[in-house]
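Presented below is the structure to which this report refers.
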Amino acid sequence: ANIGRVTLGRELATIKDYRQRLNQYRTDDSLACAHQHNPWITDDHENSSSEVADNAWKAGTTNSNDTEIGCSFSDSGACFTDRKLAAIRAYHEWMPIRQVTADDKLRIWRNFQIGKLLDLTMLDTRELIIDAWDGYRKNRARVFDHLSNRSISNTVILSGDSHDNWVSDLAPSYDEVTGNGAFGVEFGGTAVTSPSSFGTNISPTDADVISRGFVAQNPELQWSEGSFRGFFTLTVDPETLNATFYGMKNISTYFSQLTWLF
């Protein structure tokens, strides 16, 4: 989304390019304040499709790859593998994350145990596959089978990348009246500035029409929202987990007024 900010440099390709961009990001006062006051656990959004090359997978894109034509896509002449390695190096230099294993710079999937409160598993799939559930039904079925066969009934999946808000029960088979069959929930968060998949700058009224259709067609889907840009928070105690969704009324100004969504 156009929020009145100009990024420095060209399309990212070399270590210098990535360092310059990440350095510029860190000059944002709000980001600096967030890092100062809160611990961070990051995903791989910085070094996959959003930073190495748009809509990339592990071997590149139709434009940027390791072929002769693909290597000429950037002014630098960098091939995709070179771009990816440069992005990974800058990522570890600038992001608040430790390298998981010494012999695998690409791996960031890992687990965190927060006392007896929760186990947090960070997945890393963006460079390997497009990370939409419905595109990988066999993978999803294996996850469901693992949880169901072991009677794990307190699973929470935190999702994003659709640029919209979602709340859904996790259930391979489902009674929409009683909720029987669900063994967990999924919270999907929107983007901070990126446009909605419902339509760029779609109004709340028009987005709600689409959301009502989605909810009507999908019994396990409890809520959908596609207009507001924002975030959600989690409050966790030994007995409950509560998600609260917020939307920003203006994404182009600092300290935009927040509205409670769900």
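We count residues from 1, following the sequence as given. Owing to the predicted nature of the structure, the values given are computational and were not obtained by experimental measurement.
- Formation of a donor-acceptor pair under 3.5 Å by the Arg110 side chain with backbone atoms of Phe112 is not found in this model.
- Residues Tyr91 and Ile108 have side chains in contact (heavy-atom distance under 4.5 Å, counting atoms from C-beta outward).
- Donor-acceptor pairing under 3.5 Å is lacking for the side chains of Arg142 and His146.
- A heavy-atom distance below 4.5 Å is found between the side chains of Phe231 and Leu258.
- For Asn149, the CG atom sits in a packed shell: over 12 heavy atoms of surrounding residues, nucleotides or ligands are nearer than 6.0 Å.
- Checked against the 6.0 Å centroid threshold, Phe245 and Trp260 do not count as a close aromatic pair.
- Trp223 and Val209 sit in two unconnected hydrophobic clusters of ILVMFWY residues. Membership requires side-chain heavy atoms under 4.5 Å apart, directly or through other members.
- Between the side chains of Thr193 and Arg229, no donor N or O sits under 3.5 Å from an acceptor N or O.
- Counting only distance, with no hydrogens or angles, the side chain of Asn218 and the backbone of Phe214 share a donor-acceptor pair below 3.5 Å.
- Nearest approach of Leu8 to Gln24, heavy atoms of both residues: N-OE1, 2.8 Å.
- Residues Asn242 and Thr235 have side chains that never bring a donor and an acceptor to within less than 3.5 angstrom of each other.
- With no hydrogens or angles considered, a side-chain donor-acceptor pair links Asp164 and Ser196 at under 3.5 Å.
- Residues Thr101 and Asp104 bring no donor and acceptor atom of their side chains to less than 3.5 Å of each other.
- Closest approach of Asn165 and Phe228 over heavy atoms only: ND2-O, 4.3 Å.
- Under the 4.5 Å side-chain contact rule for hydrophobic residues, Trp166 and Val156 do not share a cluster.
- In this structure, Val100 is not a member of the same hydrophobic cluster as Trp40, with clusters built from ILVMFWY side-chain heavy atoms closer than 4.5 Å.
- A 4.5 Å side-chain heavy-atom check between Gln257 and Asn250 finds every atom pair outside the cut-off.
- Here the CD1 atom belonging to Ile152 is positioned 5.0 Å from the CG atom belonging to Leu147, to the nearest 0.5 angstrom.
- For the pair Lys249 and Thr259, the minimum side-chain heavy-atom distance is below 4.5 Å.
- Heavy atoms only, all atoms of each residue included: Thr200 and Pro195 are closest at OG1-CB, 3.6 Å.
- You'll find the side chain of Leu170 stays beyond 4.5 Å of the side chain of Val185, heavy atoms only.
- Taken to the nearest 0.5 Å, the CG atom of Asp169 stands 10.0 Å off from the CZ atom of Phe183.
- Between the side chains of Thr121 and Asp119, no donor-acceptor pair is found at a separation under 3.5 Å.
- Rounded to the nearest 0.5 angstrom, Arg26 CZ and Met95 CE are separated by 5.5 Å.
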Please assess Thr14 against Asp17 for the test side chain to side chain donor-acceptor pair (under 3.5 Å), listing each intermediate value before the final yes or no. CA-CA 5 Å; Thr14 66; Asp17 295 334; 3.1 Å; yes
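- One finds the CZ atom of Arg89 at 5.5 Å from the CD1 atom of Ile15 (value rounded to the nearest 0.5 Å).
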Side chain to side chain donor-acceptor pair (under 3.5 Å) between Glu186 and Ser168: does it pass, once the steps are laid out? CA-CA 5 Å; Glu186 179 176 11; Ser168 180; 5.3 Å; no
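- With values rounded to the nearest 0.5 angstrom, Asn23 atom CG is found 16.0 Å from Tyr18 atom OH.
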Check against side chain to side chain donor-acceptor pair (under 3.5 Å), Asp206 and Ser203: CA-CA 5 Å; Asp206 290 341; Ser203 70; 3.3 Å; yes
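- In terms of heavy-atom proximity, Thr190 sits nearest to His163 at OG1-O, 2.9 Å.
- Looking at heavy atoms from C-beta onward, Gln99 lies out of side-chain contact with Leu106 at the 4.5 angstrom threshold.
- Here Arg83 contributes atom CZ and Cys71 contributes atom SG; the two are 10.0 Å apart, rounded to the nearest 0.5 Å.
- Counting heavy atoms from C-beta on, the side chains of Pro238 and Lys116 never come closer than 4.5 Å.
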Assess the residue pair Thr240 and Asp237 against the criterion (side chain to side chain donor-acceptor pair (under 3.5 Å)); give the C-alpha distance rounded to whole Å, side-chain angles, the decisive distance to 0.1 Å, and a yes or no. CA-CA 5 Å; Thr240 61; Asp237 65 36; 3.0 Å; yes
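- At distances below 3.5 Å, at least one donor-acceptor pair connects side-chain atoms of Ser211 with backbone N or O atoms of Ala207.
- Checked against the 6.0 Å centroid threshold, Phe232 and Phe262 do not count as a close aromatic pair.
- Side-chain contact between Glu220 and Glu176: absent, with no pair of heavy atoms (C-beta onward) separated by less than 4.5 Å.
- Closest heavy-atom contact between Gly181 and Ala171: O-CB, 3.7 Å.
- By the neighbour-count criterion of 12 heavy atoms within 6.0 Å, atom CD1 of Ile69 is sparsely surrounded, having that number or fewer from other residues, nucleotides or ligands.
- Across all non-hydrogen atoms, the minimal contact from Glu225 to Phe198 is C-CE2, 4.3 Å.
- Arg212 is linked by a salt bridge (Lys or Arg N to Asp or Glu O under 4.0 Å) to nothing, counting only residues two or more places apart in sequence or in another chain.
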